Each structure stands twice: as C-alpha cells, then as structure tokens.
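Everything numeric in this text was worked out from a predicted model, so none of it was measured.
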Amino acid sequence: GDDGATRETVTAFIDVSVAPARGVGFDDVAERIARFEEVRSVYLVSGSEDLRCTITGATIRAVSDFVSQKLSTIDRVRSTATHFVLKTYKRDGDAFGKPVADHRLPVTP
C-alpha cells in the first residue's frame with residue numbers, strides 16, 4: 001500500500017495490572033509488551049495499575065482484538081483497562097483546538 005497513507009486512526013491507553021512474582025520486577029512483562037508493533041509506548045506508573053501503554057490501530061475492533069488476543073494472554077498480565085482516545089486537545093506540546101480569535105481592540109500609536 002501507500003507508505004504515508006496508511007496512518008493509524010485509533011489510539012487507546014491500556015492500563016495493565018501485572019501479577020507479582022517473587023524476585024521479579026516488571027521489566028520482563030514490559031519488554032514483551034513493547035515488542036508488538038501496535039504498541040507505541042510502555043510506562044511503569046504509580047497507582048492501582050502497573051503499566052500504561054499507548055496502542056494504535058486501524059479500527060476500534062483492531063485495538064480491542066490486540067488487547068484480548070495478544071496483550072491479555074501474556075504471562076502475569078492480570079487485567080487490562082482500555083481507554084480509547086475520543087478527542088485530542090494537546091499532544092507533545094501542540095494544541096489541537098481552534099485558534100482563538102483576537103477580540104482586543106486595535107491600538108493606535
């Protein structure tokens with residue numbers, strides 16, 4: 001297909017809870033998750049879940065299938081919570097909102 005035209009359209013944040021194992025951290029699970037092409041980022045985070053991943057796919061169904069068939073079946077992955085991105089307001093420092101009209105009165109010198 002066209003190299004530039006096949007851009008992913010669906011993004012989701014997946015919170016992953018990892019079952020503890022004696023003497024083992026989260027690195028092994030995180031590295032397995034990171035190998036998948038669909039996975040854009042993997043972070044170890046504080047809070048009730050352990051890892052937060054960013055996933056992209058062509059459709060919501062594709063992302064859901066990836067989570068249920070590939071992510072959830074990894075050893076020690078106890079549970080996942082999927083949060084689909086509905087609208088992006090700002091990403092990597094760039095705002096996506098409409099430009100705000102300048103309502104100030106022009107100042108004459």
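Note on Ile74 and Leu51: same hydrophobic cluster, where clusters join Ile, Leu, Val, Met, Phe, Trp and Tyr whose side-chain heavy atoms are under 4.5 Å apart, directly or indirectly. Leu44 and Val39 fall within a single hydrophobic cluster, where Ile, Leu, Val, Met, Phe, Trp and Tyr side chains are chained together by heavy-atom contacts under 4.5 Å. Grouping the Ile, Leu, Val, Met, Phe, Trp and Tyr side chains by contacts below 4.5 angstrom, directly or via other members, places Phe36 with Val18.
In this structure a side-chain-to-backbone donor-acceptor pair under 3.5 Å is missing from Thr54 to Arg40. Side-chain atoms of Asp50 never come within 3.5 Å of backbone atoms of Ser17 as a donor-acceptor pair (strictly under, hydrogens ignored).
The only option from Thr11, Thr82, Ile14, Ile33 that meets the side chain to side chain contact (heavy atoms under 4.5 Å, CB included) definition with Ile55 turns out to be Ile14.
A salt bridge links Arg76 to Asp28: at least one charged side-chain nitrogen sits closer than 4.0 Å to a carboxylate oxygen.
Pro20 approaches Arg78 most closely through the heavy-atom pair CD-NH1, 3.8 Å. Smallest separation of non-hydrogen atoms from Thr73 and Ser68: CG2-O, 3.9 Å. Here the closest non-hydrogen pair linking Asp75 and Val29 is O-CG2, 3.9 Å. In plain terms, the two heavy atoms of Thr88 and Phe96 that are nearest each other are O-CB, 3.3 Å. Across all their heavy atoms, Val10 and Ile60 have their closest contact at CG2-N, 3.7 Å.
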Applying side-chain contact (heavy atoms from CB on, under 4.5 Å), run through Val63 and Glu38 and close with a yes or a no.
CA-CA 8 Å; Val63 173; Glu38 296 90 338; over 6 Å; no
Does the pair Asp94 and Lys90 meet the rule for a salt bridge (Lys or Arg N to Asp or Glu O under 4.0 Å), with working shown?
CA-CA 5 Å; Asp94 296 320; Lys90 190 174 185 179; over 6 Å; no
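Atom CZ of Phe84 is surrounded by more than 12 heavy atoms from other residues, nucleotides or ligands within 6.0 Å. With a 6.0 Å radius and a threshold of 12 heavy atoms from other residues, nucleotides or ligands, Tyr89 has its OH atom at or below the threshold.
Expressed to the nearest 0.5 Å, how far CZ of Phe66 lies from OG of Ser72 amounts to 9.5 Å. Note that CG of Asp15 and SG of Cys53 are 8.0 Å apart. Values are rounded to the nearest 0.5 Å. If you take OG on Ser46 and CZ on Arg52, they are separated by 10.0 Å, rounding to the nearest 0.5 Å.
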